[in-house]
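In what follows, a single structure is set out as structure tokens and then discussed.
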Amino acid sequence: MGDYREWAAGATPGVTVWSRPGGTGRYRVLPDGCMDIVWHDGTLLVAGPDTVAHVAHDPEDSHYAGLRFAPGVGPAVLGAPARELRDLRVPLDALWPGARVRELAGRAADEGPAAALEAWAAARFRAMAPADPVPGAVAAALAAGGTVSAVAAGTGLGERQLRRRCEAAFGYGPKTLARVLRLQRALALARAGTPFAEVAAEAGFADQPHLAREVRALAGVPLGELLRPPAAGDAPSQDAANRSTALPSGSRTTA
């Protein structure tokens with residue numbers, strides 16, 4: 001991904017700072033359960049949790065930086081339920097008072113966007129109440145391949161209660177989150193060179209055709225295409241390592 005860089009935000013668990021130049025051409029943003037605050041050439045946006053891939057084109061002479069919140073972390077930081085931001089890219093001032101957004105944008109101009117966002121995240125986490133442990137436990141269990149029924153039993157919540165908690169924390173219910181996280185497990189295995197049949201078994205799919213259907217449904221293209229080196233003018237498919245770093249895009253964008 002060119003000069004894309006990312007690092008863990010100090011003392012802010014579940015937050016990754018990233019930075020990259022623009023001009024990478026056409027690329028695909030894959031669902032991963034995360035949310036982002038995105039700085040793009042002075043404008044601050046929020047990227048909500050995706051249910052399917054979005055394809056966008058990156059303009060030249062631009063720069064991006066951001067904070068990526070692990071599944072379940074973003075809503076408490078942003079002050080908005082994830083379900084209200086599902087499949088959306090919205091201006092940050094649609095969620096926060098304009099003065100607060102202008103202050104953060106001014107800090108980004110003075111200190112550099114990545115440094116300003118990381119410092120803001122550290123201060124925000126110091127001021128926040130202790131995190132609700134349920135979203136983190138649910139995300140960890142599903143990411144490890146746990147079934148929705150087992151996760152529900154482990155939380156001690158009823159099915160409806162669990163779904164409501166998940167929609168607020170992740171933007172969708174536990175079954176959709178499980179599909180998204182299973183896709184990410186499959187991609188990690190496939191990129192490591194694991195044969196597709198073994199990917200299906202290890203990632204928790206019924207068989208290889210099930211893997212193929214799910215990849216196409218969530219990513220929009222076959223698994224082999226996601227792994228193929230980009231053609232001239234195209235950037236690699238984006239996954240959990242560098243998602244949601246472009247201008248607002250997709251079928252449900254608001255400006």
Side-chain angles (χ1 to χ4, degrees), residues 1 4 6 16 18 24-36 47-58 68-72 82-83 85-89 138-151 166-167 170-246 249-253:
M1 195 67 181
Y4 174 84
E6 68 171 45
T16 299
W18 54 262
T24 52
R26 180 178 176 275
Y27 65 95
R28 185 175 302 272
V29 181
L30 301 182
D32 60 6
C34 298
M35 298 172 64
D36 292 61
D50 294 326
T51 57
V52 295
H54 294 293
V55 177
H57 189 276
D58 205 7
R68 186 174 68 251
F69 303 108
R83 61 176 170 268
L85 297 167
R86 182 173 56 231
D87 290 321
L88 297 177
R89 285 24 173 188
V138 169
L142 293 176
T147 65
V148 173
S149 58
V151 170
C166 284
E167 287 180 346
F170 308 117
Y172 25 68
K175 291 183 179 180
T176 299
L177 179 63
R179 292 179 65 205
V180 166
L181 297 178
R182 185 175 58 187
L183 170 68
Q184 292 297 330
R185 291 197 303 277
L187 288 173
L189 289 166
R191 289 190 173 116
T194 306
F196 288 0
E198 294 180 24
V199 169
E202 293 186 32
F205 295 89
D207 50 28
Q208 190 171 339
H210 182 208
L211 166 66
R213 290 193 301 271
E214 281 290 276
V215 170
R216 185 177 284 277
L218 293 171
V221 294
L223 180 56
E225 185 170 335
L226 288 178
L227 301 179
R228 188 164 55 239
D234 280 3
S237 296
Q238 291 184 274
D239 61 11
N242 53 6
R243 68 176 295 280
S244 303
T245 57
S249 61
S251 60
R252 295 182 59 200
T253 298

Arg89/Asp50 salt bridge by N-O under 4.0 Å criterion: yes

Determine the minimum heavy-atom distance between Gly171 and Ala82, stating which atoms define it. N-CB, 3.2 Å

Could you tell me which residues satisfy side chain to side chain donor-acceptor pair (under 3.5 Å) with Thr51, sequence neighbours excluded, listed by chain and number? Asp87

After noting the C-alpha distance and the side-chain angles of Glu6 and Arg68, does the key distance pass the side chain to side chain contact (heavy atoms under 4.5 Å, CB included) rule? CA-CA 10 Å; Glu6 68 171 45; Arg68 186 174 68 251; 3.4 Å; yes

Quick one: CZ on Arg191 to CG on Leu223, what's the gap to the nearest 0.5 Å? 8.5 Å

Is the shortest heavy-atom distance from the side chain of Phe170 to the side chain of Thr176 under 4.5 Å? no

Side chain to side chain contact (heavy atoms under 4.5 Å, CB included) for Thr16 and Phe69? Distances and angles first, verdict last. CA-CA 7 Å; Thr16 299; Phe69 303 108; over 6 Å; no

Pairing residues for Thr147 by the side chain to side chain donor-acceptor pair (under 3.5 Å) criterion, not counting sequence neighbours: Ser149

Output the distance between atom CZ (Arg216) and atom CG (Leu218), rounded to the nearest 0.5 Å. 12.5 Å

With heavy-atom distances below 4.5 Å as the criterion, would you say the side chains of Gln208 and Val199 are in contact? no

Heavy-atom pair of closest approach, residues Val215 and Pro222: CG1-C, 4.0 Å

Indicate the atoms forming the closest heavy-atom contact of Val138 with Cys166, along with that distance. CG1-SG, 4.1 Å

Looking only at heavy atoms, which two atoms of Leu30 and Ala53 are closest? And how far apart? CD2-CB, 3.8 Å

Go through the steps for Leu227 and Phe196 under the test side chain to side chain contact (heavy atoms under 4.5 Å, CB included), then give the verdict. CA-CA 11 Å; Leu227 301 179; Phe196 288 0; 3.6 Å; yes

Can you name the salt bridge (Lys or Arg N to Asp or Glu O under 4.0 Å) partners of Arg179, sequence neighbours left out? Glu214

Salt bridge (charged side-chain N to carboxylate O under 4.0 Å, His left out) pairs touching residues 193-213, sequence neighbours excluded, are none

Okay, side chain of Glu225, backbone of Gly220: is any donor-acceptor separation there less than 3.5 Å? no

Residues which pass ring-ring contact (aromatic ring centres under 6.0 Å, His included) with Phe205, listed by chain and number, not counting sequence neighbours: His210

Charged N to carboxylate O below 4.0 Å: is that the case for Arg86 and Glu167? no

Non-hydrogen side-chain atoms of Cys34 and Pro71 separated by less than 4.5 Å: yes

So, does Arg185 use its side chain to make a donor-acceptor pair with the main chain of Ala144 at under 3.5 Å? no

Residues in side-chain contact (heavy atoms from CB on, under 4.5 Å) with Ala143, at least two apart? Leu181

What closest approach, in Å, do Ala217 and Val52 show between heavy atoms, and which atom pair accounts for it? O-CG1, 3.8 Å

Nearest heavy-atom approach of Pro174 to Leu142 is O-CD1, 3.7 Å

